[in-house]
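Below, all heavy atoms of this structure are taken into account, side chains as well, without hydrogens, waters or symmetry copies. Chain naming here is simple, since letters A, B, ... match the order of the sequence lines and numbering starts at 1 in each.
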Amino acid sequence: MKRSSAEPVIISPAFFQREPLVCARELIGAELVWGECAGVIVETEAYLAENDEACHAFFRPSVREFIERNRGGAAYIYLNYGVHWMLNVLVKGGSADGFVLIRAMEPTRGLELMKQRRGVESERQLCSGPGKLTQALVITKADDERDLCSDPSHCFRLGDRAPVEVVADERIGITRAADFPWRFTLRGSPFVSRAVKRPFVDS
DNA sequence: ACACGGATACTA
DNA sequence: AGTATCCGTGTC
């Protein structure tokens with residue numbers, strides 16, 4: 001994707017009509033805007049709708065139906081361990097459908113608001129995990145199926161900065177297909193949920 | 001190390 | 001209805 005424009009531009013549906021792994025990698029360094037708050041995405045994971053046992057679509061008919069009725073760029077949100085909301089983006093229309101789980105970001109705007117919601121002062125603890133991120137941004141089931149490509153206050157944006165260095169690693173916390181290196185992090189970022197274990201590739 | 005806690009999809 | 005499972009966080 002081009003990053004040549006002078007000002008940050010909302011990521012369009014075409015971005016999410018490619019392979020989930022490409023989308024997950026290219027969202028690293030992108031900005032996530034949510035109301036008054038925003039941050040730079042530093043950690044994502046890719047999940048494939050087919051042949052990926054860690055993806056909800058593998059076992060849940062309701063998620064396969066979600067994929068059917070939504071376009072790429074729609075938010076898929078679910079409750080994990082009965083405690084935390086998880087923010088995913090639907091990727092659809094390329095060679096394979098799937099999701100990108102947004103796992104962590106470096107906060108840039110609305111810091112005080114996020115500190116209040118999280119109940120912590122440390123900036124690196126505000127959004128350094130998928131559950132922390134949704135708590136800081138107040139993302140809930142009410143945002144499920146939200147179109148993240150049309151509303152300027154709930155979207156992803158790409159700036160014109162130089163390409164970032166991305167490290168791939170194994171996905172976190174899953175029991176099946178756990179060895180796929182489909183977790184992507186911004187190299188050296190202190191805002192990730194966990195340190196990288198086995199760096200797989202760089203870009 | 002462990003408690004916390006709800007949606008989803010099975011079984012019957 | 002009951003049961004197994006689940007992409008986490010905070011505190012012990």
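Here B:dT8 is the nucleotide among B:dC4, C:dC7, B:dT8 with the atom lying nearest to any side-chain atom of A:R60. Checking C:dC7, C:dT9, C:dG8 against every side-chain atom of A:I172, the shortest atom distance belongs to C:dG8. Taking the side chain of A:Y78 as heavy atoms from C-beta on, and the options B:dT8, C:dC7, C:dT9, the nearest nucleotide is C:dC7. Candidate nucleotides C:dC7, C:dG8, B:dT8 were compared by shortest atom distance to the side chain of A:C55, and C:dC7 ranks first.
Contact annotation for A:R194: no contact, since no heavy-atom pair falls under 4.0 Å across all strands. At a threshold of 4.0 angstrom between heavy atoms, the contacts of A:R171 with the nucleic acid are absent. Using a 4.0 Å heavy-atom cutoff across all strands shown, A:T175 reaches sugar-phosphate atoms only and no base atom.
Both A:I102 and A:V192 belong to a common hydrophobic cluster when Ile, Leu, Val, Met, Phe, Trp and Tyr are linked at side-chain heavy-atom distances under 4.5 angstrom.
Remark: A:E31 CD to A:I11 CD1 distance equals 10.0 Å, nearest 0.5 Å.
Taking for each of A:V63 and A:H84 the nucleotide of DNA chain B with the nearest heavy atom, the 5'-most of the two is the partner of A:H84. Sequence order on DNA chain C of the closest nucleotides to A:P130 and A:R176 puts A:R176 first from the 5' end. Mapping A:G173 and A:R118 onto DNA chain C by nearest heavy atom places A:G173 at the nucleotide closer to the 5' end.
Base pairing analysis places C:dC6 opposite B:dG6; the two distances defining the Watson-Crick or G-U wobble pair are each below 3.5 Å.
The six-membered or imidazole ring of A:Y47 lies away from that of A:F99, with a centre-to-centre distance of 6.0 Å or more.
The base of C:dC7 is not paired with the side chain of A:Y81 by any donor and acceptor separated by under 3.5 Å.
Proximity of A:K141 to the phosphate of B:dG6: no side-chain N or O atom is located under 4.0 Å from OP1 or OP2.
Remark: A:R146 qualifies as a cation-pi partner of A:W34 under the 6.0 Å distance and 45° angle criteria applied to the six-membered ring.
The CG atom of A:L133 sits 18 Å away from the P atom of C:dC7 (whole-angstrom rounding).
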